[in-house]
Amino acid sequence: MRETQGFKIYRGVVLIVLGLFVTIPLYVMITSSLKPLKDVQGAFTWWPSNLTIAPFIDMWKTVPLARYFVNSTIVAVAATAFSVVLAILAAFAVSRFKFRGRTVFTTTVLSTQMFPGVLFLLPLFLIFVNINNGLGVQLVGTRLGLIITYLTFSLPFSIWMLAGYFDSIPRELDEAAMVDGCGPMGALWRVVLPAARPGVIAVAIYSFMTAWGEVLFASVMTTEANRTLSVGLRQYSTQTNIYWNQIMAAALVVSIPVVIGFLLAQRHFVAGVTAGAVK
Amino acid sequence: MSVATQEATPAAARPAKKKSKPGLERRPGLNRWLPYLLLAPAVLAELLIHIIPMIVGIWMSFVKLTKFFIANWSAAPAAGLGNYKIALDFDNAVGEGLLKSFGVTVVFSLVTVALSWVLGMAAAVALQPPFKGRAMLRTLFLVPYALPAYAGILTWNFMLQRDTGAVNHVLEQLHLSDGTTFWLIGGNALVSLIAVATWKLWTFAFLTLMAGLQSIPGDLYEAASVDGAGNLRQWRNITLPSLRPVNLVLVLVLFLWTFSDFNTPYVLFGTAQPPAGDLITFHIYNASFLTWNFGTGAAMSVLLLIFLMIVTGIYLLVTGRRSRRA
């Protein structure tokens, strides 16, 4: 592309329009979280009449936000940890070994990701109910049920992405380690993993984001005790009031951990996410 | 995502190894079992949460699984094709609802994918040559994608409120409407859905297309410039054809995502969805959990799966043939 006058005008228009499209909701979210309740209940204003941080304090009392926060954190961290470990092992197998059934495995695992969630939501719900009836392990309405479910959500993509990362690490490195007396697992731990660290971080962030933002299963599989943020934030709408300023404050606080994590690792993340489409 | 690429890369990139080389080949017994051992946990988890439930789901669609049989669902009586007949009987309330919801979803999906692609392409091209502030804008454009879905959608919900929302306020200030439009009920619900979904999705198109643009060799453009081709012609004759493989995957992924989107309608409307915004996954969810009629819900899910598989198959077939010819 040459930077002609026409191109500069085009660029200016595109960036202003899309910049506003992206920024206005973020701006509304931030400023509304700093408004008193009467401001968000009246006609919309661009700027708070009285700048206040009260919504950030009140939001913890209106709904048990702290509990939802703890639930979401436990579920997302545990699902991420398990998912990353499983993905590392599987990706190592796919990347470093030739074995019968490898193509079947990668194809099947990847295609499960394309299926809509409702498809297995109902049966999974019933299976969980049955496990409870038969084995006495409570999965519906507990964090464990969500952890097991979420761990599989990011798994296919994590395996695929990590296998790509592992492939880019020369095999000579882990072979040299094995000559020096490491087993294959030692080579994975000491050579492959450290070299693939950006990939592992990206996969971990992806898994965390998936679990942190999940709505469908959380709406069915949770009860008051294990409710996560994605469902809990709805509770600010009561019969008598909708606390929009507190909703926006809570949405902001809930978003901060993922947005920061994402932006820090975005380079690796973006490379991984787009690699498949571009290759 | 791109299954074909995944299969091709590891096998093709690695030449067959000689026996004299040290390493994994030295341990034939371990070498044979280790990969399966490494895969076992992942396979087990996938089986438990995805594969087995899907098989159960298909079974469910052939039994009368109403609320009377939930507690002891394996004893539910067979229904044959009964659930499918109910779901596909378009003269009846259930079938009619499914058909309408399908129509809404087709429109939603096509418009959202088209808009996301156009915006993503426009931004990717605009951000291609380096300029001051490019990195910052790129990061800013990523925020909607990074935000948890419900946080972004709740913000839009607030902005789309009739009396207190930003959207009506802006439209009134610009004299485009009197500021009393309903956005979350009635016919506008579909417009709102498309706007919110596009807000979140166009960024992904942007990311992918941006990465695609970077892989096009610069000398192609230089040669075209020497030949006197303007920017628009360069885009048409170089950029678009070079991005063909990227676009094929991107459009398919966007389509599958939007067609099975649940978050947007659920967070935007709650459980009382307006008919104009009744997307199919949300419709199935309501049909199953509000009426506790799991059998019909399962039949609808299977129909949705079959539809998605047919569309994907045709798409891959048509695009595959075309790209081979090109």
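Heavy atoms only: backbone and side chains are in, while hydrogens, waters and symmetry mates are out. Chain identifiers are assigned alphabetically (A, B, ...) following the order of the sequence lines, protein sequences preceding nucleic acid strands; residue numbering begins at 1 within each chain.
Between B:Leu147 and A:Val258 there is no side-chain heavy-atom pair separated by less than 4.5 Å. Looking at heavy atoms from C-beta onward, B:Trp202 lies in side-chain contact with A:Val22 at the 4.5 angstrom threshold. Using a 4.5 Å cut-off on side-chain heavy atoms (C-beta onward), B:Tyr266 and A:Leu216 make no contact. Taking 4.5 Å as the limit, some side-chain heavy atom of A:Leu233 sits within range of a side-chain heavy atom of B:Tyr150. A:Ile24 is not listed as a side-chain neighbour of B:Val170, based on a closest heavy-atom distance of 4.5 Å or more. Residues B:Asn168 and A:Phe44 form no side-chain contact, since every pair of their non-hydrogen atoms from C-beta on lies 4.5 Å or further apart. B:Ile51 places a side-chain heavy atom less than 4.5 Å from the side chain of A:Thr108. The shortest side-chain heavy-atom distance between B:Val125 and A:Phe7 falls under the 4.5 Å cut-off.
With a threshold of 4.5 angstrom between heavy atoms, A:Leu263 approaches chain B through side-chain atoms but not through N, CA, C or O. For A:Arg234, the part lying near chain B is the side chain, with the backbone staying farther off; criterion is any non-hydrogen pair under 4.5 Å. Only the side chain of B:Leu304 has a heavy atom closer than 4.5 Å to any heavy atom of chain A. Of the two parts of A:Ile205, neither the backbone nor the side chain holds a non-hydrogen atom closer than 4.5 Å to a non-hydrogen atom of chain B. Heavy atoms closer than 4.5 Å to chain A are found nowhere in B:Leu37, neither backbone nor side chain. Residue contact with chain A, scored on non-hydrogen atoms closer than 4.5 Å, involves the side chain of B:Phe262 exclusively. Contact annotation for A:Leu119: both backbone and side-chain heavy atoms come within less than 4.5 Å of a heavy atom of chain B. In this structure, chain A has a heavy atom under 4.5 Å from the backbone of B:Val302, while its side chain stays farther away. Only the side chain of B:Leu127 comes within less than 4.5 Å of a heavy atom of chain A; its backbone N, CA, C and O stay farther away. For a residue to count as touching a neighbouring chain, one of its non-hydrogen atoms must lie under 4.5 Å from one of that chain's; by this rule B:Leu137 touches chain A with the side chain only. Contacts of A:Phe166 with chain B are absent, with no heavy-atom separation under 4.5 Å from either backbone or side chain. In this structure, chain A has a heavy atom under 4.5 Å from the side chain of B:Gln161, while its backbone stays farther away. Proximity to chain A (any heavy atom under 4.5 Å) is shown, for B:Leu119, by both the backbone and the side chain. Heavy-atom distances place the side chain of A:Met248, and not its backbone, under 4.5 Å from chain B. Of the atoms belonging to B:Pro41, heavy atoms from both backbone and side chain fall under 4.5 Å from chain A. Contact annotation for B:Ser288: only side-chain heavy atoms (C-beta onward) come within less than 4.5 Å of a heavy atom of chain A. Looking at B:Arg134, there are no atoms closer than 4.5 Å to chain A (heavy atoms on both sides), in backbone or side chain. Residue contact with chain B, scored on non-hydrogen atoms closer than 4.5 Å, is absent for A:Thr210. Residue contact with chain A, scored on non-hydrogen atoms closer than 4.5 Å, involves the side chain of B:Leu308 exclusively. If you measure heavy-atom distances from B:Ala224 to chain A, you find no contacts under 4.5 Å at all. Neither the backbone nor the side chain of B:Asp261 comes within less than 4.5 Å of any heavy atom of chain A.
Separating the CD1 atom in A:Ile30 from the OG1 atom in B:Thr155 is a distance of 9.5 Å, to the nearest 0.5 Å. Taking OH of A:Tyr150 as the start and CD1 of B:Ile49 as the end, the distance is 11.5 Å to the nearest 0.5 Å. In this structure, CZ on B:Phe158 lies 9.0 Å from CD1 on A:Ile247, to the nearest 0.5 angstrom. The CE atom of B:Met159 sits 11.0 Å away from the CH2 atom of A:Trp244 when rounded to the nearest 0.5 Å. Remark: A:Arg96 CZ to B:Leu34 CG distance equals 13.0 Å, nearest 0.5 Å. For the atom pair A:Leu15 CG and B:Leu140 CG, the distance stands at 10.5 Å (nearest 0.5 Å).
Counting heavy-atom pairs closer than 4.5 Å to chain A, the top residue among B:Ala40, B:Pro148, B:Ser260 is B:Pro148. Here B:Trp156 is the residue among B:Phe282, B:Phe206, B:Trp156 with the most heavy-atom pairs under 4.5 Å with chain A. Between chain A and the options B:Ser301, B:Ala126, B:Gly57, heavy-atom pairs under 4.5 Å are most frequent for B:Ala126. Listed options B:Ala166, B:Ala45, B:Pro144 were ranked by heavy-atom pairs under 4.5 angstrom with chain A; first place goes to B:Ala166.
When all heavy atoms of A:Leu122 and B:Ala298 are compared, the closest pair comes out as CD1-N, 3.9 Å. In this structure, A:Ser255 and B:Ala151 approach most closely via the heavy-atom pair OG-CB, 3.3 Å. When every heavy atom of B:Ala42 is checked against every heavy atom of A:Ala90, the shortest pair comes out as CB-CB, 4.0 Å.
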Worked check of side chain to side chain contact (heavy atoms under 4.5 Å, CB included) between A:Met185 and B:Leu38: CA-CA 10 Å; A:Met185 297 315 286; B:Leu38 290 171; 3.8 Å; yes

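Between A:Phe120 and B:His50, the ring-plane angle classifies as perpendicular under the 30° and 60° cut-offs.
The closest donor-acceptor contact from the side chain of A:Tyr10 to the backbone of B:Ala122 lies under 3.5 Å.
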